[in-house]
Every structure is written in C-alpha cells, then in structure tokens.
Amino acid sequence: MLGVTILLVAQHGAHQATAQLNKCTSGDICLPIEKCPLFGSNSRAMWTEATMNQFRARVCEREPTIDGWTKYKVCCEPPALSEPRDSRKPGLDLLDLESCGMNRMHSNESVENNGTLGQLPWIALLKSSSGEYLCAGSLISKRYVLTTAFCIRSKDLAFVQLRKQDCDESGACTLKPQDISIERTIGHDSSNKPWLFNNIGLERLARNASFNRDVRPICLPVGPEYQTTHTKYLVVTRKEDYALLDTDAIAITEVHLVGIEHCQRWLRRTVYNSQMCALELAPNDECQRQFGASLTAQARNGRHVLYGVLSFGMDVCMQNETTVYTRVESFVNWILSNIEE
C-alpha cells in the first residue's frame with residue numbers, strides 16, 4: 001500500500017511543488033521516497049506542513065510509471081548496510097577496480113579502430129539455447145553482465161558468450177570464447193513496457209568468468225576519477241561483429257553526445273535525465289541497433305568506463321541518427337545493491 005500512497009502524493013498537488021529538482025548534498029543519496037524514513041508510511045492527507053516542506057526541499061527525481069502516475073525520489077541518508085544474503089558480499093567490493101577497463105595489452109591505451117586484437121574484452125553476447133545471438137551486454141564483474149531490461153525479457157535467453165573470437169591478418173587470434181549459462185536475470189522493477197526509461201538489467205552468470213588477456217570487465221562510473229573529459233564516445237553498432245565468431249577486429253563507431261532538448265525534438269518523445277543521447281557520425285548501413293551495446297569513453301584515470309547502454313532510437317534508419325542510451329551513472333546504486341558474490 002505504501003507504493004500506492006506515494007503515487008497519490010504525486011497525483012494530488014506535489015507535482016506543482018517540485019518543478020525544480022534538488023541535487024543531493026552532505027552525504028545524502030537519491031532514494032525512492034518509500035525508502036526514506038523521513039516520510040514514513042503515512043498517506044499524503046496525514047502529512048504536516050513541515051513534511052511537505054521537506055518533500056519540496058528533497059525531491060531529486062521524478063519519472064512517470066506505466067499506469068500514468070508519477071514516481072518520486074528524494075534526497076535521504078543512505079540506509080544502514082544489512083547482512084548480505086547467504087553470507088554473500090554485496091556491492092562495490094565485487095567490482096575489479098584494479099584491472100577494469102583495460103585492454104589486452106594490460107594498459108589504458110585507446111580502443112579506437114587500431115586493429116588491436118582483444119581491444120574490447122568486456123563485450124558479452126546474449127544467446128538463446130540454440131546459440132542464436134539475441135542482444136549485447138557488458139561484463140562488469142566475474143559474475144554479472146549489464147544490459148537492458150528489454151534484452152532480458154526473452155524467454156529463450158540461455159547463456160552468455162564472453163567475447164567473440166577475433167583474428168588479425170597474420171592469423172593470430174584471441175583466446176577461445178567462454179560460454180556461461182545464466183543463473184538468473186534481474187530487471188529494474190520500474191522499467192515500463194515500451195522500455196523508454198529505467199531500461200536496465202543484469203544477468204547473473206552460473207559460474208565465475210575467467211579473467212584473462214581477452215576477457216576483462218569494463219569499469220562503472222563509481223567515483224570522480226571514473227568521469228570523463230572526452231566529448232567523443234565509442235560504441236559497436238554492427239550486428240555482424242556481435243553475431244559472428246571469426247571476424248576481423250571489431251569495427252568501433254564514434255559518437256558525440258547531444259543535449260536532451262535536441263534529442264526530444266529529433267525523436268518526438270520525452271527523454272529523461274536517466275538517459276543520454278548520442279549522435280552517430282556515420283550511417284549504420286544495416287539499420288539494426290544492438291540493444292544492450294556499451295557506450296564507453298576513457299575516464300580521467302585512463303580507464304575505459306561504461307557510461308551508457310543502448311536503449312532505443314528512431315523507427316527508421318537515417319544518417320546522423322540520434323540514439324538513446326540508459327545513463328549508467330543514474331543506476332550505479334541500483335547495480336551495486338543487486339550484485340552478490
């Protein structure tokens with residue numbers, strides 16, 4: 001009933017009071033309002049004026065739900081850590097911050113189209129039980145692949161292949177791919193049917209991936225040193241580079257970010273702060289988007305970081321096409337709270 005109560009708050013007067021969203025400071029984080037003790041479980045009708053003022057001062061995010069309501073988040077003190085389930089270690093400790101975002105040469109050199117084998121060691125292929133390629137994903141830890149909520153809804157999703165096999169002109173090849181069954185999938189509980197927002201999901205692998213020179217996790221934007229000053233981002237858009245095992249070095253497409261206002265005019269639909277838009281500088285000849293594909297750039301610390309997950313675009317293929325990505329930074333807390341050892 002609490003979720004219903006909060007939605008009623010949104011419907012009856014709170015919206016006009018929250019035209020200006022707030023930025024969380026002093027250690028507070030943006031939490032769903034039902035998880036913030038300051039607002040308790042009382043209905044809107046029982047709020048005092050002081051509680052309403054707290055709401056106005058703390059509301060940090062709002063998004064529509066599939067049934068036409070509005071869901072709010074507020075700046076609140078982070079909840080105390082609880083005992084991990086089954087004695088598993090949750091969260092940040094499960095990320096490999098020592099070697100994430102590094103390529104085959106164990107350095108932080110560029111991953112642009114330089115013919116280097118194994119230049120994207122975090123690429124994951126989501127496949128059906130028959131081996132058919134379904135979606136793209138990114139390896140973020142030994143046990144988890146990050147993709148979209150759209151991608152994990154396939155009933156035939158069976159296993160993850162950790163990277164395709166690349167061979168160069170001399171005949172040298174990357175190591176044999178790893179095929180690992182999916183233990184379970186985790187979709188964002190607020191993703192809606194058209195998958196226009198909160199389009200993010202996780203696959204938990206049935207066993208640990210084996211990190212080597214060709215299989216490594218991508219970094220997540222978990223701190224200031226993982227932010228980027230680059231205006232150029234990279235994404236793999238060709239389906240054949242995901243679907244085939246034996247190809248030349250992966251073709252990487254350069255994209256530039258564009259503002260939300262431009263994106264909304266181009267797509268003629270609402271784009272949220274938890275999303276980001278990128279303009280492909282060259283046409284996608286196949287006119288096929290690789291849902292779940294990673295939008296990456298080099299961070300201040302030189303590592304390659306996952307900033308976006310390809311979510312959707314226009315219904316027709318055009319040159320200079322604008323594509324929408326789920327903004328990974330908006331979901332770091334969700335990711336960390338849903339991964340386990």
Side-chain angles (χ1 to χ4, degrees), residues 15 18-23 30 59-66 68 70-73 135-138 146-151 187-188 190-201 218 220-221 226-239 252-299 305-332 334-335:
H15 179 74
T18 58
Q20 183 67 43
L21 298 178
N22 299 284
K23 188 173 182 179
C30 199
V59 64
C60 51
E61 190 174 316
R62 61 173 176 263
E63 288 185 340
T65 66
I66 189 172
T70 300
K71 197 168 187 177
Y72 285 94
K73 291 184 179 181
C135 259
S138 301
L146 187 69
T147 184
T148 66
F150 169 83
C151 286
H188 196 287
S190 296
S191 61
N192 69 345
K193 189 173 182 180
W195 303 292
L196 298 186
F197 61 91
N198 295 337
N199 188 11
I200 196 163
I218 183 73
L220 297 179
Y226 293 94
Q227 300 301 315
T228 186
T229 57
H230 288 255
T231 59
K232 178 175 62 179
Y233 290 72
L234 303 171
V235 64
V236 177
T237 57
R238 294 195 323 187
K239 184 173 183 178
I252 299 170
T253 299
E254 178 183 323
V255 298
H256 285 185
L257 297 188
V258 295
I260 287 179
E261 295 80 8
H262 168 88
C263 194
Q264 290 183 145
R265 288 195 300 271
W266 182 269
L267 296 173
R268 298 180 181 178
R269 63 175 62 179
T270 301
V271 178
Y272 303 98
N273 291 330
S274 58
Q275 297 169 323
M276 57 200 303
C277 293
L279 180 67
E280 293 186 20
L281 303 186
N284 181 355
D285 295 334
E286 293 188 357
C287 299
Q288 294 181 348
R289 300 179 190 88
Q290 305 318 300
F291 296 111
S294 56
L295 184 72
T296 68
Q298 282 186 278
V305 176
L306 178 62
Y307 295 107
V309 179
L310 201 157
S311 180
F312 70 93
M314 293 188 69
D315 295 331
V316 294
C317 183
M318 302 176 64
Q319 189 168 359
N320 296 329
E321 182 179 356
T322 301
T323 305
V324 178
Y325 295 79
T326 300
R327 187 185 299 273
V328 173
E329 187 175 12
S330 297
F331 297 95
V332 165
W334 179 84
I335 294 168

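The basis for the numbers below is simple: all heavy atoms, side chains too, and nothing from hydrogens, waters or symmetry mates.
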So do [Y] and [X] actually touch side chain to side chain, heavy atoms under 4.5 Å?
X: V255; Y: L234; result: no
X: Y226; Y: L220; result: no
X: L146; Y: L306; result: yes
X: Q298; Y: V305; result: no
X: N199; Y: V309; result: no
X: S311; Y: F150; result: no

Checklist entry - Does H256 have its ring centroid less than 6.0 Å away from the ring centroid of Y233? => result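 No, ring centres 6.0 Å or more apart.
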
[atom1] of [X] to [atom2] of [Y]: how many Å apart, nearest 0.5 Å?
X: Q227; Y: E329; atom1: CD; atom2: CD; result: 4.5 Å
X: F312; Y: T148; atom1: CZ; atom2: OG1; result: 12.0 Å
X: C151; Y: I200; atom1: SG; atom2: CD1; result: 11.5 Å
X: Y272; Y: N198; atom1: OH; atom2: CG; result: 9.5 Å
X: C60; Y: K23; atom1: SG; atom2: NZ; result: 12.0 Å
X: L257; Y: K232; atom1: CG; atom2: NZ; result: 13.0 Å

Checklist entry - How would you list, by chain and number, every residue that makes a side chain to side chain contact (heavy atoms under 4.5 Å, CB included) with S330, sequence neighbours excluded? => result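 Residues passing side chain to side chain contact (heavy atoms under 4.5 Å, CB included) with S330: S274, R327.
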
Item to check | side-chain contact (heavy atoms from CB on, under 4.5 Å) between L310 and T326, worked out | outcome: CA-CA 6 Å; L310 201 157; T326 300; over 6 Å; no

Checklist entry - Any donor and acceptor pair, going by atom type alone, linking the side chain of T228 with main-chain N or O of A297 inside 3.5 Å? => result no

Next on the checklist: Run the side chain to side chain donor-acceptor pair (under 3.5 Å) test against Q264 and tell me which residues pass, sequence neighbours left out.
Outcome noted: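 In terms of side chain to side chain donor-acceptor pair (under 3.5 Å), with neighbours along the sequence ignored, Q264 is linked to no residue.
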
Next on the checklist: Test of understanding: with side chain to side chain donor-acceptor pair (under 3.5 Å), list the residues that count as partners of E61, not counting sequence neighbours.
Outcome noted: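 E61: no side chain to side chain donor-acceptor pair (under 3.5 Å) contacts found.
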
Next on the checklist: Show, in sequence, the C-alpha distance, side-chain angles and deciding distance for M276 and V324, and conclude whether the side-chain contact (heavy atoms from CB on, under 4.5 Å) test is met.
Outcome noted: CA-CA 6 Å; M276 57 200 303; V324 178; over 6 Å; no

Over all atoms of both residues, closest heavy-atom pair of [X] and [Y]:
X: W334; Y: G201; answer: CH2-CA, 4.1 Å
X: V235; Y: S294; answer: CG2-O, 3.4 Å
X: G137; Y: T147; answer: CA-CB, 4.2 Å

